[in-house]
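Small disclaimer: the values here were computed from a predicted structure and weren't measured. Atoms within a ligand are numbered from 1 in the order they appear, just like the ligands themselves.
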Amino acid sequence: MYGSGVIKGMLVTGKHFLDTYIEDIRYLGRRSESFATRQSAKAKGVFTVQYPEERLPVPEEFRFIPFLVYEEGPEGQKLDRCTSCGICAKVCPPQCIWIVRSTHPETGRPIPEPTEFFIDVDICMNCGLCAEYCPFDAIKMDHDFELATYERARTNIFDKERLSKPVAYYASIRPQNYGREEAIRAEKEAAKAAKPA
Ligand code: SF4
Ligand code: SF4
């Protein structure tokens with residue numbers, strides 16, 4: 001019959017239309033709980049997340065701009081994990097990392113911590129290689145993707161202050177990775193302690 005395809009199409013559209021309202025009523029007052037279902041293959045009808053008022057959680061392995069991890073000392077001091085070894089800068093494909101290594105003021109000898117650490121976030125391609133190769137778990141990929149700015153010549157070159165975040169933050173965004181790394185660290189320390197002096 002001529003026009004049957006058009007009618008079928010209209011029925012599908014009508015079903016989506018009705019499903020949208022049925023699902024809205026079903027999840028009334030539980031919008032954020034419904035994201036997992038309504039943004040999945042099980043979704044019925046049309047559903048739009050009202051960003052930025054609402055946000056979808058990002059998966060643990062989501063990568064955006066790298067950040068530097070620091071430990072907190074007993075008096076709240078920031079203890080850099082970074083030793084300024086420069087491996088991350090070497091492996092970075094677009095070469096957007098610059099590091100200035102600290103030196104002893106009297107002897108001029110290098111000190112294993114960075115005085116300065118810059119990443120040009122406009123050039124960073126979020127590949128995560130810096131984090132993969134860092135031997136000290138000192139640089140990790142962040143989840144924070146909301147970096148819009150009105151000026152980019154200066155603000156998008158992140159310095160050490162801007163890049164540094166506490167280890168507790170890292171543990172909060174990547175709990176499984178953090179747990180795995182801490183277990184390996186504890187194992188190595190136990191093996192070291194068990195060695196005869
Ligand atoms: S972040 Fe890691 S790889 Fe990069 S300089 Fe620091 S310790 Fe080395
Ligand atoms: S994520 Fe990739 S591009 Fe960005 S700083 Fe690290 S290595 Fe360079």
K.L.:
Angle between ring planes, Tyr21 versus Phe17, binned at 30° and 60°: parallel, tilted or perpendicular?
P.N.:
perpendicular

K.L.:
Identify, for atom 6 (Fe) of ligand 2, the protein heavy atom at the shortest distance, and state residue, atom and that distance.
P.N.:
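Answer for atom 6 (Fe) of ligand 2: Cys130 SG, 2.4 Å.
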
K.L.:
So that I can check it, does any N, O or S atom in Cys127 come closer than 2.8 Å to atom 8 (Fe) of ligand 2?
P.N.:
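Checking atom 8 (Fe) of ligand 2 against Cys127, no N, O or S atom falls under 2.8 Å.
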
K.L.:
Hey, is Val91 touching ligand 2 through its side chain, its backbone, both or neither, going by heavy atoms under 4.0 Å?
P.N.:
neither

K.L.:
Please work out whether the ring planes of Phe47 and Phe35 are parallel, tilted or perpendicular, with thresholds of 30° and 60°.
P.N.:
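Phe47 and Phe35: tilted rings.
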
K.L.:
Could a heavy atom of Met141 be found less than 4.0 Å from some atom of ligand 2?
P.N.:
yes

K.L.:
Closer than 4.0 Å to some heavy atom of Cys88 - which atoms of ligand 1 meet that?
P.N.:
1 (S), 3 (S), 4 (Fe), 5 (S)

K.L.:
With a cut-off of 4.0 Å, which atoms of ligand 1 are near a heavy atom of Gly86?
P.N.:
5 (S), 8 (Fe)

K.L.:
With a 4.0 Å heavy-atom cut-off (strictly under), which part of Pro66 contacts ligand 2: side chain, backbone, both or neither?
P.N.:
side chain

K.L.:
Looking at Cys85, which atoms of ligand 1 are within less than 4.0 Å of one of its heavy atoms?
P.N.:
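Numbered from 1, ligand 1 contributes 3 (S), 5 (S), 7 (S), 8 (Fe).
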
K.L.:
State, without any angle test, whether Asn177 and Tyr170 hold a side-chain donor-acceptor pair at a distance under 3.5 Å.
P.N.:
no

K.L.:
Give the contacting part of Cys96 toward ligand 2: side chain, backbone, both or neither, where contact means a heavy-atom distance below 4.0 Å.
P.N.:
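Near ligand 2, Cys96 shows its side chain, while the N, CA, C and O stay back.
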
K.L.:
Identify, by atom number and element, the atoms of ligand 1 in contact range of Thr83, meaning under 4.0 Å from any of its heavy atoms.
P.N.:
6 (Fe), 7 (S)

